[in-house]
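Just below is one structure, and these are the notes that go with it.
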Amino acid sequence: MNSADDAPGAAYGDSGLLAPAWAGSAAEAATGDAAYLTALLDAEAALTRAQAALGQAPRSAADAATAAARADAFDVRDLALRARDGGNPVIPLAAVLTAAVARTDPAAAAYVHRGATSQDILDTALMLVAARTLPTITADLARAAEALAALAAAHRATPMPGRTLTQHAVPTTFGLKAAGWRALLLDAHDRLTALHPTLPAQLAGATGTLAAFTAYSSAGLAAAPDADPAAARETDPTDAPDGPGTAVTGVGDTGSAPSAAGPSGAAGRAAVPRGDGPGGAPAAAGPADAPDGPGTAVTGVGDTGSAPSANGPSGAAGRAPVPMADGSGDASAAAGPGDGPDGPGTAVRGDGSGGPAAAAPAARAGAPGAEASELGVTARPASGPAALAGVPASGAPAPGGGQPPGDGALGLVGRFAAEVGLAEPGLPWHTLRTPVADLAAALAFCSGALGKLAADVLVLSRTEIGEAAEGEGGGSSAMPHKRNPVRATLIAAAARQAPALAAVLVQSLAAEDERPAGAWHAEWQTLRELLRLAGGAAHQAAELAEGLKVFPQRMRENLDTTGGLMTSERVVAALSPVLGRARAKELLTAAARRAVAERVPLADALVAEEPGLSEKVSEDRLRRLTDPAGYLGRAPELTDRALRRRPRTDI
């Protein structure tokens, strides 16, 4: 028998077998594994497009990344299993996507996931899924509200028992009750509608400083690293150590870079000066040179890029000096066939990327022959047919000072948000989880509001009450006569689960450091289940409201079961001018006891307790005073007022 890891992924799909509340709903489809994978890929592709739009990546790289980011080309189960190694699915996803891009455009692969950390992509995907799910929920809420409005209007004056603490209290109308259900659903609808446009993208890099993006945008395109189609990075650069055949560039992103140095390992590595020291020297040959494994090139800002070496077995030969931003030392390598580890004619930048220098297919047209970036990197003259015309040279000041318009890391955040269709965040929110807490609160409120509708329907549909019923009640496996209020039951089940899930998400606000261990991870499945429960409950509510049956005659019968006792409040008010308020209250208390004990109408019990009452109040008036149907207060008018409200439509 196959192990769990080897079994087909389809065998592990969550088909909602134990979750009939959301199975088959639009929210289920919007929150499935395929939907999350699509959102993750959308985020990855949008990042490359945003960088290309600002001249930080070639247009061809954006096109290649977008073309490769197709969910149907990825094995969800494989990604899920591989996610265990690094703790999140973005790590293996970025590796597989990089390899897919490299198969069609090796140079473009270097720009996949460039500068990002796993949380940037995953948080953005979570918000994308939420943004795509909320309209399905609000649509069902609006549908349910419309059906309830029709019921409320039709029964604005239909009397029924009002119940407090399970007992008959004072009459109300079914119209007012339905209007109340509708008001709660509109509250939920409007909260989700208002929340929708505020859902933010996430893009900040390893610790939320935009450092990697700043490094890349400053260095420009002239020395972008190339990728090897056979070497897809399998770990997230910000979360895990590097493996064999990778290049570490230090900005927080991992790419693929097998070295041609061969099995000698360190014999292909050149020492790279750090920003805090005097630099280094070429490493000695040997397989134990570094944790990255044999044949890797370390460039020193914290980001792993793709940089296959063309230097041959000599490895370190041909490595060019790499000056750091603070002016610290360099590490010149011995002469070789090229300027850097990427092969002939490449420049090695302080952010670790390298690319063609003489041909410079990604160079910016109009750039100065030699211009220093923030990292102290010299840009080679731009040439070649692929030069980007009209894009300001990296580091060139904008008119009046500052960054070129739309350029730089700060501009990238807004562009990325626009690409994915989410709001631009004011600050990175890696550990500022307001968006998640807001979603939790709104979805929990939604589930609770729907739960109120369900709770009332469950009571009204009891056999002994029978004032309402679902249009198509559910059957029983053992009792053919039953018509169970199944939709209300499923809504009630969702409403009972939602608060606990919301609590998990709200607790994630107390997150330590710049990325917490566990608090962030606890959000993913919790938020998905909360979206599903709210969406499933809204769907069930729409079906329930559209098919709900109302029985006014049974409501009238239930009003009469207490023989007018529900009007005692009114009778006290009417008799106080005649008997005095104290005597009127004493009389009603005694008459109510007699009515219950002798099972007689309240009017008869009043006359029995106060024989002279008929001389002061006519029998006909007493009958009218004790008729529950005549004691509705302003319920019809309150219903009309409530129905004037319309749902928000600005989603």
Side-chain angles (χ1 to χ4, degrees), residues 22 25-27 30-31 35 39 123-149 179-202 413-414 416-429 432-453 491 494-495 498-499 501-506 508-509 523 526-542 545 641-651:
W22 52 255
S25 67
T31 57
D123 278 354
T124 298
L126 290 175
M127 292 299 108
L128 275 175
V129 168
R132 293 165 180 173
T133 306
L134 291 187
T136 71
I137 300 176
T138 54
D140 279 332
L141 289 172
R143 187 176 139 213
E146 183 178 3
L148 292 175
W181 296 338
R182 177 179 181 267
L184 273 178
L185 267 57
L186 290 182
D187 288 343
H189 175 281
D190 291 356
R191 279 164 169 76
L192 294 175
T193 298
L195 184 62
H196 185 273
T198 72
L199 298 178
Q202 177 83 278
V413 177
F416 174 67
E419 287 286 345
V420 293
L422 295 171
E424 180 180 358
L427 280 175
W429 48 282
L432 307 176
R433 308 307 282 174
T434 301
V436 175
D438 282 346
L439 268 172
L443 291 168
F445 179 91
C446 175
S447 300
L450 293 164
K452 162 60 177 172
L453 164 64
I491 297 169
L501 296 172
V504 173
L505 297 175
V506 172
S508 292
L509 284 168
E523 294 173 355
T526 306
L527 179 57
R528 165 153 72 175
E529 189 63 18
L530 191 51
L531 284 165
R532 286 177 166 180
L533 287 171
H539 173 72
Q540 298 292 346
R641 175 190 291 180
L643 294 180
R644 288 196 287 269
R645 179 182 174 186
R646 294 291 180 267
R648 290 184 61 166
T649 58
D650 53 343
I651 195 168

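Index from 1, following the sequence. Here the structure is a predicted model, which means the values were calculated and not measured.
Between the side chain of T138 and the main chain of H189, no donor-acceptor pair closer than 3.5 Å is present. Side-chain atoms of R182 come within 3.5 Å of backbone atoms of R645 as a donor-acceptor pair (strictly under, hydrogens ignored). Between the D140 side chain and the A542 main chain, no donor and acceptor come within less than 3.5 Å of each other. No donor-acceptor pair closer than 3.5 Å links the side chain of E424 to the backbone N or O of A418.
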Criterion side-chain contact (heavy atoms from CB on, under 4.5 Å) on W22 and E529, from CA distance to verdict: CA-CA 9 Å; W22 52 255; E529 189 63 18; 3.2 Å; yes

Chi angles and distances behind the side-chain contact (heavy atoms from CB on, under 4.5 Å) call for M127, L439: CA-CA 10 Å; M127 292 299 108; L439 268 172; 3.7 Å; yes

From CA spacing to verdict: side-chain contact (heavy atoms from CB on, under 4.5 Å), L199, D438: CA-CA 9 Å; L199 298 178; D438 282 346; over 6 Å; no

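Donor-acceptor pairing under 3.5 Å is lacking for the side chains of R528 and T31.
By the 4.5 Å heavy-atom criterion applied to side chains, V436 and L509 are not counted as neighbours. At least one side-chain heavy atom of I137 sits under 4.5 Å from a side-chain heavy atom of L192. Between D187 and L184, some side-chain heavy-atom pair lies under the 4.5 Å cut-off. Counting heavy atoms from C-beta outward, L422 and P200 have side chains that stay 4.5 Å or more apart. At least one side-chain heavy atom of P135 sits less than 4.5 Å from a side-chain heavy atom of H196. Proximity of L505 to L530: side-chain heavy atoms (C-beta onward) are separated by under 4.5 Å at one or more points. V129 places none of its side-chain heavy atoms less than 4.5 Å from the side chain of L527.
Between L533 atom CG and L531 atom CG the span is 9.5 Å, to the nearest 0.5 Å. Once rounded to the nearest 0.5 Å, the distance linking CG of D190 with OG1 of T649 reads 9.5 Å.
What you find for V506 and A440 is that their closest heavy atoms are CG2-CB, 4.4 Å. The minimum heavy-atom distance between A179 and A642, with the atom names listed, is CB-CB, 4.0 Å. Counting all heavy atoms, side chain and backbone alike, P647 lies closest to L186 at CB-CD2, 3.6 Å. Taking all atoms of both residues into account, the shortest heavy-atom contact from P435 to L432 is CD-O, 3.7 Å. Residues L185 and A145 share a closest heavy-atom pair of CD2-N, 4.4 Å. In terms of heavy atoms, V420 sits closest to A201 at CG2-CB, 4.1 Å.
Ionic pairing of D123 and R433 is present here: one or more N-O contacts between side-chain nitrogen and carboxylate oxygen are shorter than 4.0 angstrom.
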